[in-house]
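Notes to accompany the following structure.
Since the structure is predicted, the reported quantities are computational estimates derived from the model, not experimental observations. Proteins get letters first, then strands, A, B, ... in listed order; numbering begins at 1 in each.
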Amino acid sequence: MEIQSTTPPPADRQRERVTSFHPQDDIRRLMPEPQRVEGDGSPMPGNLEERGRNLQENDRILQAEKPKPFSVQFEVDVVQFLLTLAALGSRLWMLGHPRAVVFDELHFAKFALLYTKKIFFFDVHPPLGKLLLAVAGGFSGLEDNADFDHIGAGYSPTFPVYTMRLLPAVLGGLVVPLVYQIVVELRLSRWAALLAGICVIFDNALLVQSRFMLMEGMLLFFMCLSLYSYLKFRNLAHRQFSVQWFFWLSLTGVSFTCNLSIKYVGFFTAALIMIQVAKDYWNLLGDVTKSDLCLVKHLFVRAFLLLTVPFLGYVFIFYIHLSLLTKAGPHDNIMTSAFQASLEGGLAALTKGQPLNVAYGSQITLRHTHSLSPGKPCWLHSHAHVYPIRYPDGRGSSHQQQVTCYVFKDINNWWIVKHPDRNLLVVDEPPKPVKHGDVVQLVHGITSRALNSHDVAAPLTPQNQEVTCYIDYNISMASQNLWKVEIVNRKSDDEAWQIINSHIRLHHLGTGQALKSTGKQLPDWGFFQLEVTTDRVTDQPATVWNVEEHRYTKIQDKEGQTRDIAHSEMIPTEPTRLSFWTKFLELQYKMFMAKGDVEMEHKYSSEPIQWPFLSKNVAYWMSPNNNQQIHLIGNPVVWYSAFLSVILYVGVFVFYLMRRQRACYDLSESDWSNFVFVGEILVGGYLLHYLPFFLTDRTLFLHSYLPCVIYKILVMAALTDHLYSLSKRISYIPSLLTIFVLGLVTCVVWAFYRLSPFTYGSISLQTEEILGLMWRDTWDFLIHATPSPPPQ
Amino acid sequence: MATKKKSHGKGTIDSYKELKEDVKSREKRTNVEEKDDLDLKSNAKSNEIVKELVADQSTTASTRTYYSMLISVTLLSLISRLYNIDKPAHVCWDETHFGKMGSWYIKREFFFDVHPPLGKMLIGLFGILTGYDGGFAFAKPGDEYGETRYIGMRVCCAMMGAAVVPLAYMSVWLLTKSLMSSLFAALLILLDVGTLTLSRHILLDPIMMFFIMMSTYSQLKFLSYRDRPFSSQWWIWLALTGLFLASSIGVKFVGLFIILYVGILTVNDLWKILGNQTISLVEVVKHFVARALCLIILPILVYIAIFGVHLRILNHSGNGDGFYSSAFQSQLIGNRLYNVSMPENVAFGSVITLKQRRTGGGYLHSHWHLYPEEHPPRQQQITTYAHKDFNNEWIIKLADQEPKPDDPVQLVVSGDLVRLEHRETRRNLHSHHEPAPLSRRQFQVSGYGVNGSGDANDVWVVEVVGSPPGTVIQTAKSRLRFIHYHVRCLLHSHDKKLPKWGWDQLEATCNPNMREPKALWSVEEITDNRLPNASFEIYSPSFTERFTESHAVMTQGNSGLKPKEGEITSRPWQWPIDFRGQIFSGNNHRIYLLGNPIIFWGCLVAHVLFVVYYLAHTVKAKRGHKENKAWTEHKETIFSACWWLLLGWALHYLPFWPMTRVLYFHHYFPAFLFSAMLTGVILDHTVILLITLVPDSMGSMVFHTVVGSITSGLILSFYLFSPLTYGMDGPVSHEEDSKWAGLKWLRSWDI
């Protein structure tokens with residue numbers, strides 16, 4: 001395999017060392033470099049400080065050197081170059097295989113398709129990743145009306161599978177040089193960087209996840225990019241406000257945006273860096289030579305580039321998202337009526353030409369604005385059936401006509417707004433609009449009964465009041481059918497009730513309770529429609545309604561009526577223009593709320609506690625014909641050793657800390673501070689990306705752990721480097737350590753090789769071979785069923 | 001009361017003045033020094049003077065004023081807590097639970113609760129001591145007590161609640177050595193109507209708050225003997241800390257937070273000891289061992305002892321039996337399993353019940369209902385059911401033949417092929433390659449066949465886990481696995497509840513994962529008159545087993561307390577802002593648990609002020625500002641006290657955020673205690689700041705005005721809101737003519 005060739009065989013070490021250090025940099029060659037002559041590239045104990053100083057000296061000398069006009073300095077780190085090649089090679093090999101939907105490509109490819117068709121869709125993750133996929137697809141002619149409804153479905157021949165997978169694969173491949181550079185910027189040796197690079201290349205999970213149209217490849221790239229550019233920025237502290245300084249700081253901010261706009265977990269890396277920036281700034285405060293003004297400048301620049309810019313970028317991406325998606329589509333129902341009406345087609349087509357203001361005599365349908373379960377809107381509904389006299393639990397009802405919330409459009413969803421003092425149902429000339437604070441009655445269109453509520457416990461929510469359409473049984477139970485209209489999103493107190501745009505709350509006069517849909521399904525007597533009640537707690541989203549369809553009540557004189565409507569204020573034939581901010585905020589709200597939607601157990605879902613131990617895999621794809629299959633499964637050697645490194649690193653840290661408390665300083669002050677800094681960044685990053693998952697209620701999959709994998713691999717590199725520099729103190733340990741690390745790398749490559757059939761899905765293994773690869777009995781590979789007796 | 005306060009005020013104002021004057025003179029001096037860089041000697045000297053002054057301030061105050069204030073605060077606290085304690089004479093809110101449980105202790109009936117037993121045992125003890133006989137039912141809130149002697153229990157709870165105020169006073173004193181801070185802290189807790197309401201009823205909260213404050217106080221007291229390690233006082237307070245920690249967690253599991261708090265304080269202390277180079281490592285280890293003994297081993301022992309007493313007292317069967325295993329139940333007098341004798345082995349033809357061997361595991365159950373259409377095939381449901389029922393009975397038969405009455409008795413052994421016939425419906429336990437209704441990855445288990453004849457899919461292999469094939473099955477003891485012969489899956493059940501059609505019973509499945517560790521069953525009851533009976537006593541569980549089982553059941557109960565769908569529950573963000581209270585009692589003597597809004601909102605302001613002060617201080621220090629040394633030292637004492645109090649608050653508050661179980665407003669009050677203490681310190685600090693800002697001549701006046709207005713404001717707010725706890729009558733506040741309408745400051749309050 002060509003990948004293995006990047007691992008330098010031990011015999012090549014000497015040559016490797018020379019090549020890895022800027023062979024073409026003639027200035028550096030001229031300079032004395034004691035620490036490099038002596039070692040093999042890794043820092044020696046106590047040398048870091050010296051080296052750091054040397055590097056700075058180098059810089060100073062570089063600057064002090066007379067500028068050479070017309071000359072270009074060029075340096076290549078051969079190891080890094082080879083690593084990048086290997087990474088890209090491994091990511092791009094057989095990229096087009098399988099030509100079928102792999103796991104979540106089902107969603108993402110579909111979303112990309114919807115972008116090209118400009119159809120609005122809803123997803124809980126922010127749009128950047130899908131946008132990028134759509135762009136990649138757009139360049140290669142993604143116009144296909146491809147329809148794939150399940151994982152494993154084949155793509156049509158015209159579908160640009162390769163190009164669309166190319167982007168995540170390339171970005172995922174570039175993670176390797178970034179990881180390499182991060183280790184270098186953390187002031188660790190290039191050998192450690194090499195180790196980290198190899199582990200990333202040969203980790204099956206990172207490889208699989210970046211080879212398909214999935215988000216993690218891109219996410220990891222931007223995550224590493226933000227970390228790398230922050231470290232660059234930090235190492236330029238001695239050249240503040242220089243161009244490079246600004247460049248790396250801005251790049252950090254921009255990659256925050258990208259991170260956050262692909263998946264919200266990107267926030268954790270941003271938080272990690274933000275904490276470090278705050279700490280750096282705190283140390284800057286201690287520098288009394290700096291003036292207050294200078295410090296304010298520092299603060300301002302950081303706040304602007306790391307907070308304001310990412311925020312604006314995030315909003316901008318949503319701006320693109322919303323301005324691209326202008327047509328109504330399958331997910332409209334999740335959004336409010338106003339949002340839907342702002343899209344072409346769909347509701348906009350339905351409500352085109354409706355009168356704008358609700359007046360006495362209007363016929364309306366009332367939609368529950370924030371549906372409790374996404375995609376299930378419902379409308380206020382009634383029908384000529386009554387509540388059962390007695391419920392199974394022994395409570396009684398008023399036996400009046402049922403009022404429910406119904407999830408389909410229906411003739412029974414129509415209500416007429418009536419003035420309490422007048423019996424006429426027709427609209428005045430000119431129409432008298434209903435305003436905020438007005439009291440109305442709502443008469444059900446078909447049964448002509450008025451919406452009513454009274455002190456009877458609701459069928460499913462006994463702490464709420466029952467809502468009925470009033471039937472006069474002549475039993476000293478008066479009708480209580482007056483409702484006060486509150487426009488929730490009003491700008492002034494005398495605003496008129498508009499269709500679609502006005503969010504209203506109906507307060508029951510007398511009890512002060514508000515009309516609400518509880519979202520609970522009534523049993524068979526209520527035709528499984530949703531319960532409607534009034535609630536004492538008025539200020540909650542469940543009590544907000546809005547008018548969706550609207551027409552004025554017809555009079556007998558049909559022609560005159562038509563003329564009326566023609567003269568009344570019309571909604572423009574254009575779709576409703578919602579400002580970007582309204583749409584943006586609504587989308588944010590719905591994305592946030594949708595997270596609370598807990599999915600049931602999934603076959604391949606896993607718990608965070610299982611992740612470090614790699615006790616579960618996720619099946620991504622299985623060939624319908626043979627045992628070719630793709631799984632998300634990590635390289636166990638990498639995962640275990642890296643996880644162990646995290647624990648060891650913390651252990652070593654605690655050990656040093658206790659020694660220091662007893663005034664035993666094992667490391668020089670600069671070594672110690674670098675050790676702590678590396679720990680904060682890497683172990684901190686690991687924990688920040690890992691621990692929050694214990695608090696989430698959602699169904700989780702293994703791929704949520706991948707950012708942690710990058711961090712723990714980096715920890716492993718840092719730990720190895722540290723142990724190596726320590727081991728220099730005892731003569732024979734370094735070579736032992738080298739042999740150990742080489743052995744580890746061999747194991748990594750071997751494990752990768754063994755598991756690669758599940759990574760590339762190119763080989764159909766025999767049943768025994770698959771069983772042989774089940775190294776842990778909790779792993780779940782698929783085996784094509786041999787003909788067996790059909791199940792009963 | 002007012003006079004006392006004034007006399008005290010004079011006591012401190014003098015020391016304030018001294019401190020302030022000294023601060024000013026020092027500042028002048030340092031200014032001079034900075035300019036001229038002279039006379040280091042006088043600098044050191046003046047520093048000493050300041051130190052003396054500060055020390056002087058504390059010693060003079062501590063002798064007389066400290067104790068007089070302590071006594072007056074305690075008295076006030078007792079008066080406020082005990083005033084009209086007999087009203088209302090009906091059951092309020094959770095008194096229905098805790099009163100009931102107290103009664104059960106008196107009657108020694110076994111019950112189940114999600115909290116550990118200490119709090120309820122104490123309530124029971126209070127009852128006995130004050131002549132309550134455990135006869136009252138405490139059926140529901142609002143029940144009239146009538147002749148019941150309930151006041152004793154309330155008084156005892158209220159006394160524990162009252163102790164919180166002086167404890168706060170003493171704790172803050174230990175932290176800051178400032179009388180003003182201590183007094184403010186005590187006042188804030190004293191005048192908070194929420195704490196007052198919680199303390200006046202038969203609830204776990206006063207007991208809980210008492211133990212939390214006791215733990216804090218004894219830990220602080222212990223730390224104050226830092227310079228006299230291993231002295232007798234040092235040991236006493238250390239051991240007391242451990243004791244109260246165990247008591248805290250013995251009342252409610254939120255006691256864990258105070259354990260964490262003390263743990264962090266201890267680690268910090270040990271860390272300092274470790275850093276002290278004058279202490280040898282052997283000494284450090286001794287320090288560590290002493291703490292491990294008193295704060296880890298001792299609490300564990302006490303905690304276990306609490307459970308020992310609990311299990312010893314409750315030896316009669318009660319309504320909690322069903323939650324526990326059969327072995328556990330066999331220990332309860334009056335339970336069906338108590339002292340029974342049953343056949344020891346199982347034979348073909350025996351009627352048995354099968355219980356899943358895990359906590360909360362039910363009996364294998366079936367009934368005359370079919371799986372609904374959406375979960376085909378429509379065969380008879382098999383579930384597990386927690387309660388005893390004739391539908392749990394199964395007849396165990398040979399797989400391939402019907403038993404005849406004259407067959408010789410053949411014992412069932414491990415590895416046998418068996419059929420299980422449901423006795424009531426006469427259908428066989430059956431499984432097949434169809435997804436189970438909820439766990440789609442597992443297979444459906446159903447009842448199949450008519451009058452005992454089914455098909456090949458009714459065959460199960462029974463295995464005794466951990467024993468070779470051929471082992472005889474023992475009642476209750478053997479751990480059994482039932483393997484479906486054809487499908488190769490394990491009879492299993494888990495926590496998932498079936499919906500309505502399954503009567504909320506638990507789903508039973510056939511699990512293809514043959515390594516499932518929880519798919520174990522045991523034969524619980526057996527009737528077979530062909531077999532000889534043996535006493536069940538041999539299986540009685542040891543104390544350790546009963547202890548662990550109690551915990552497993554409690555954990556499960558706690559995680560089961562999820563809010564019902566659509567129910568509006570209290571969320572942690574609402575608590576510090578006093579967003580919504582809790583109705584304790586209705587009718588004509590309405591009690592509403594609500595924090596004193598002035599105090600609650602004041603606490604929030606104090607938290608912000610603290611952050612501002614601290615930031616200002618540290619940024620200044622970081623930027624190299626030189627300040628008077630005594631003043632810096634004073635501030636550092638204040639800030640470190642504040643940090644510890646803030647930590648206490650955060651530890652008792654933040655963990656509620658990610659919790660998914662049902663939460664109530666009263667969960668906030670332990671955190672509130674810390675918040676109030678922090679506020680006391682910050683108030684004091686603010687007053688000092690104010691005095692240093694105004695010219696000398698006005699110092700005394702400003703001091704009196706500020707302290708006077710703060711105190712009177714607090715008292716006024718208490719006066720305003722005290723009807724919330726002492727009882728309100730008349731119409732509720734949102735009605736027009738209510739005299740409480742003026743108190744409804746927030747729309748969300750249901751006063």
Side-chain angles (χ1 to χ4, degrees), chain A residues 281-292 295 372-373 392 458 460-464 511-512 516-521 523-524 530-531 533 535-540 542 598 600-605 657-664 692 694-697 777-778 780 788-792, chain B residues 270-281 284 377 430-435 438-444 448 455-457 486-487 494 496 499-500 512-515 562 564-568 579-580 615 618-626 655 657-660 734-735 746-748 750:
Chain A
Y281 184 73
W282 182 247
N283 291 333
L284 206 62
L285 281 185
D287 183 356
V288 285
T289 57
K290 288 205 163 55
S291 71
D292 288 352
L295 288 175
L372 297 170
S373 49
L460 301 182
T461 320
Q463 67 268 32
N464 289 356
T511 59
K516 156 188 173 187
S517 164
T518 58
K520 294 179 198 168
Q521 205 172 33
D524 50 354
L530 305 179
E531 184 196 39
T533 64
D535 196 345
R536 215 151 41 91
V537 185
T538 58
D539 191 14
Q540 50 172 321
V598 184
M600 281 292 279
E601 154 195 65
H602 186 280
K603 192 172 175 183
Y604 285 105
S605 65
L657 208 61
M658 289 181 77
R659 295 266 298 162
R660 286 172 69 84
Q661 189 73 1
R662 290 303 286 181
C664 302
F694 284 97
L695 301 180
T696 48
D697 263 348
D777 32 76
T778 43
D780 213 345
S788 63
Q792 299 187 24
Chain B
L270 278 175
W271 190 246
K272 276 188 199 148
I273 291 172
L274 184 68
N276 186 346
Q277 308 302 331
T278 60
I279 299 177
S280 72
L281 267 181
V284 172
H430 177 99
S431 182
H432 39 216
H433 277 287
E434 297 288 342
L438 300 182
S439 318
R440 309 296 292 177
R441 256 187 116 177
Q442 305 178 7
F443 301 117
Q444 187 193 52
Y448 185 74
D455 65 8
N457 266 335
H486 282 287
V487 184
H494 40 191
K496 283 182 195 156
K500 270 273 166 57
N513 177 7
M514 298 291 282
R515 281 178 290 264
K562 301 271 179 203
K564 294 178 201 87
E565 207 184 325
E567 188 182 15
I568 291 177
F579 181 75
R580 179 176 292 143
L615 273 184
T618 40
V619 170
K620 259 190 191 168
K622 192 87 188 172
R623 291 298 290 154
H625 276 263
K626 294 274 186 313
W657 279 82
M659 275 191 205
T660 49
H734 68 249
E735 283 167 27
L746 286 187
R747 278 204 308 159
S748 47
D750 314 306

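Looking at N283(A), both its backbone and its side chain come within 4.5 Å of chain B, counting heavy atoms on both sides. Looking at V619(B), the atoms closer than 4.5 Å to chain A (heavy atoms on both sides) sit in the backbone and in the side chain alike. Only the side chain of L295(A) comes within less than 4.5 Å of a heavy atom in chain B; its backbone stays farther off. If you measure heavy-atom distances from L695(A) to chain B, the contacts under 4.5 Å come from the side chain alone. Proximity to chain A (any heavy atom under 4.5 Å) is shown, for W657(B), by neither the backbone nor the side chain.
At least one donor-acceptor pair closer than 3.5 Å links the side chain of R623(B) to the backbone N or O of D287(A).
Atom CE of M659(B) sits in a crowded spot, with more than 12 heavy atoms from other residues, nucleotides or ligands closer than 6.0 Å.
For K622(B), the salt bridge (Lys or Arg N to Asp or Glu O under 4.0 Å) criterion is met by no residue, not counting sequence neighbours. With sequence neighbours excluded, no residue satisfies salt bridge (Lys or Arg N to Asp or Glu O under 4.0 Å) with R662(A).
No other option in L460(A), L285(A), D292(A) has as many heavy-atom pairs under 4.5 Å with chain B as L285(A).
Checked against a 6.0 Å centroid threshold, the rings of F443(B) and H433(B) count as neighbours.
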